[in-house]
Amino acid sequence: MSSAILETTGTAATMRRNFWRGVWRVMRRKPSRLFGAVILLGFVFMGVFGPMFYPEVLPRDTSKLYAPMSAEHWFGTDGQGRDVLAQVITGSRYVLLSALVTAVITVVLGTAIGLFSGFKRGRWDTVLMRLTDMKLTIPGLPLLLVLSTVWSFGSALEMGLLLGLLGWGGVARAVRSQTLSLRERGFIEAARGLGLSTSHIVGKELLPSMAPYIAMNMLIAVTGAVYAQVGLFFLGVLPYEADNWGVMLNLSVFGGGALTTTAALPYMLAPLLAILLLTLAIVLVVDAMDEIFNPRLREE
């Protein structure tokens, strides 16, 4: 018995080592993927630890309004004399945390509904898909405009919760399609023939097979959440009660005239550059994940 356990443990350890070696080969094959992973980890570090390096209220220097880029202020200052780079770093926590909450809620709800609907079929499938269709018909922007009159969205968790509840429909549809394809495979038929419960088949057989697809959807949901919240703050439909890249864009364009004068241009470019780098990093990581988990793309 003990030898069998040791053999099983050794096999699992070997599989893990082979997996991570394969990951390293895929990442090394295209250095841009390593660049994307490093940038993504950098954003995570910035969101978690970045605000700790600055006071809660950033210092102002009225003698340096819209100061140009320099060694002291890499992206200049804003109309109140505050360092622009410091605002990007301190505002990253709200943006990234709300995007993460949005992605988790979107993927968890969408995956649960899509898996159960696609596997059970019949009446449950009809009911859940009609609910999904109703969800997809709800216009997100008008609803957010109405809610902004009574909800300040000062908390990243509040923003993430709302965006997540508004965004799971597409994931549910996509996961259901994947489930309909997988449920006809031989290993699922064998599990059903053995009389295993639905929860076991879904949790132990279907879900692991779809984990890579779900992980990629989660990363894509992060970018969608960043665009959504930054766009809402930029349009000015939400109160400015939180540090946010969208607020910086709004103040630089409508307050500093960044589109007509060069004084406030660095103030606008800094958050745009942060959004561009975050999107690029996620695209590169998703590209690597696609090859890691897709045998057709993996080179021998």
Side-chain angles (χ1 to χ4, degrees), residues 43 46-47 50-51 54-62 64-69 73-103 139-164 166-167 221-280 282:
F43 272 101
M46 183 172 68
Y54 296 94
E56 186 174 353
V57 178
L58 295 176
R60 304 178 182 182
D61 187 350
T62 55
K64 296 182 178 180
L65 304 183
Y66 292 120
M69 294 184 291
H73 304 289
W74 289 8
F75 287 94
T77 62
D78 67 357
Q80 301 179 41
R82 298 178 300 177
D83 185 75
V84 172
L85 180 60
Q87 293 182 62
V88 172
I89 293 174
T90 55
S92 64
R93 177 173 292 179
Y94 182 101
V95 174
L96 298 178
L97 180 57
S98 58
L100 178 61
V101 173
T102 299
L141 181 58
L143 179 59
L144 287 170
L145 290 174
V146 172
L147 291 176
S148 66
T149 61
V150 295
W151 203 349
S152 66
F153 296 99
S155 168
L157 297 178
E158 295 174 353
M159 173 63 77
L161 174 63
L162 183 60
L163 291 178
L166 290 175
V222 169
T223 60
V226 170
Y227 294 153
Q229 60 175 299
V230 169
L232 289 169
F233 278 102
F234 170 71
L235 293 174
V237 300
L238 299 178
Y240 297 162
E241 293 191 8
D243 290 327
N244 188 284
W245 297 343
V247 174
M248 295 178 65
L249 290 173
N250 180 287
L251 295 178
S252 65
V253 172
F254 301 112
L259 298 180
T260 58
T261 179
T262 58
L265 190 59
Y267 188 30
M268 180 184 71
L269 292 179
L272 286 178
L273 180 60
I275 296 170
L276 174 63
L277 285 176
L278 178 60
T279 304
L280 177 63
I282 290 176

Task: side-chain hydrogen bond (donor to acceptor under 3.5 Å, both in side chains) partners of Tyr227, counting only residues at least two apart - done: Thr279

TODO: Could I get the full list of side-chain contact (heavy atoms from CB on, under 4.5 Å) partners for Ala67, not counting sequence neighbours?
DONE: Lys64, Thr77

TODO: Heavy atoms only: give me the nearest Gly47-Ser92 pair and the separation to one decimal.
DONE: CA-OG, 3.6 Å

Open item on the list: I need the minimum non-hydrogen distance between Asn244 and Gln229, along with the two atoms involved.
Closed with: ND2-OE1, 3.5 Å

Open item on the list: I'd like to check the salt bridge (Lys or Arg N to Asp or Glu O under 4.0 Å) partners of Asp78; sequence neighbours left out, ordered by chain and number.
Closed with: Arg82

Task: Spacing of Leu97 atom CG and Met159 atom CE [to the nearest 0.5 Å] - done: 11.5 Å

Task: Val226 versus Ala99, closest heavy-atom pair with distance - done: CG2-CB, 3.8 Å

- [ ] Mind checking the CG-CG spacing from Leu166 to Leu161? Nearest 0.5 Å is all I need.
- [x] 9.5 Å

Open item on the list: So Tyr66 and Pro266, do their side chains get closer than 4.5 Å, heavy atoms only?
Closed with: no

Task: Non-hydrogen atoms of Ala270 and Val84 that approach each other most closely - done: CB-CG1, 3.5 Å

Task: With sequence neighbours excluded, residues passing side-chain contact (heavy atoms from CB on, under 4.5 Å) with Ser252 - done: Ala258, Tyr267, Met268

Task: Listed partners of Leu85 passing side-chain contact (heavy atoms from CB on, under 4.5 Å), at least two apart - done: Trp74, Phe75, Asp83, Ile89

Task: Leu251, Leu249, Asn250 screened by side-chain contact (heavy atoms from CB on, under 4.5 Å) with Val247, the one that passes - done: Leu251

TODO: Could you name each residue pair satisfying side-chain hydrogen bond (donor to acceptor under 3.5 Å, both in side chains) that touches residues 269-278, not counting sequence neighbours?
DONE: none

Open item on the list: Rounded at 0.5 Å granularity, tell me how far CG in Leu232 sits from CG in Leu163.
Closed with: 7.0 Å

Open item on the list: Please report the interatomic distance CG(Leu277) to CG(Leu272), rounded to the nearest 0.5 Å.
Closed with: 11.0 Å

TODO: Just jot down the side-chain contact (heavy atoms from CB on, under 4.5 Å) partners of Ile282, sequence neighbours excluded, or say none.
DONE: Leu40, Leu219, Val222, Thr223, Leu278, Val286

TODO: Look at the side chain of Trp245 and the backbone N and O of Val88, then say whether any donor-acceptor pair between them is shorter than 3.5 Å.
DONE: yes

Task: Nearest heavy atoms of Ser98 and Ala156, plus distance in Å - done: CB-O, 3.3 Å

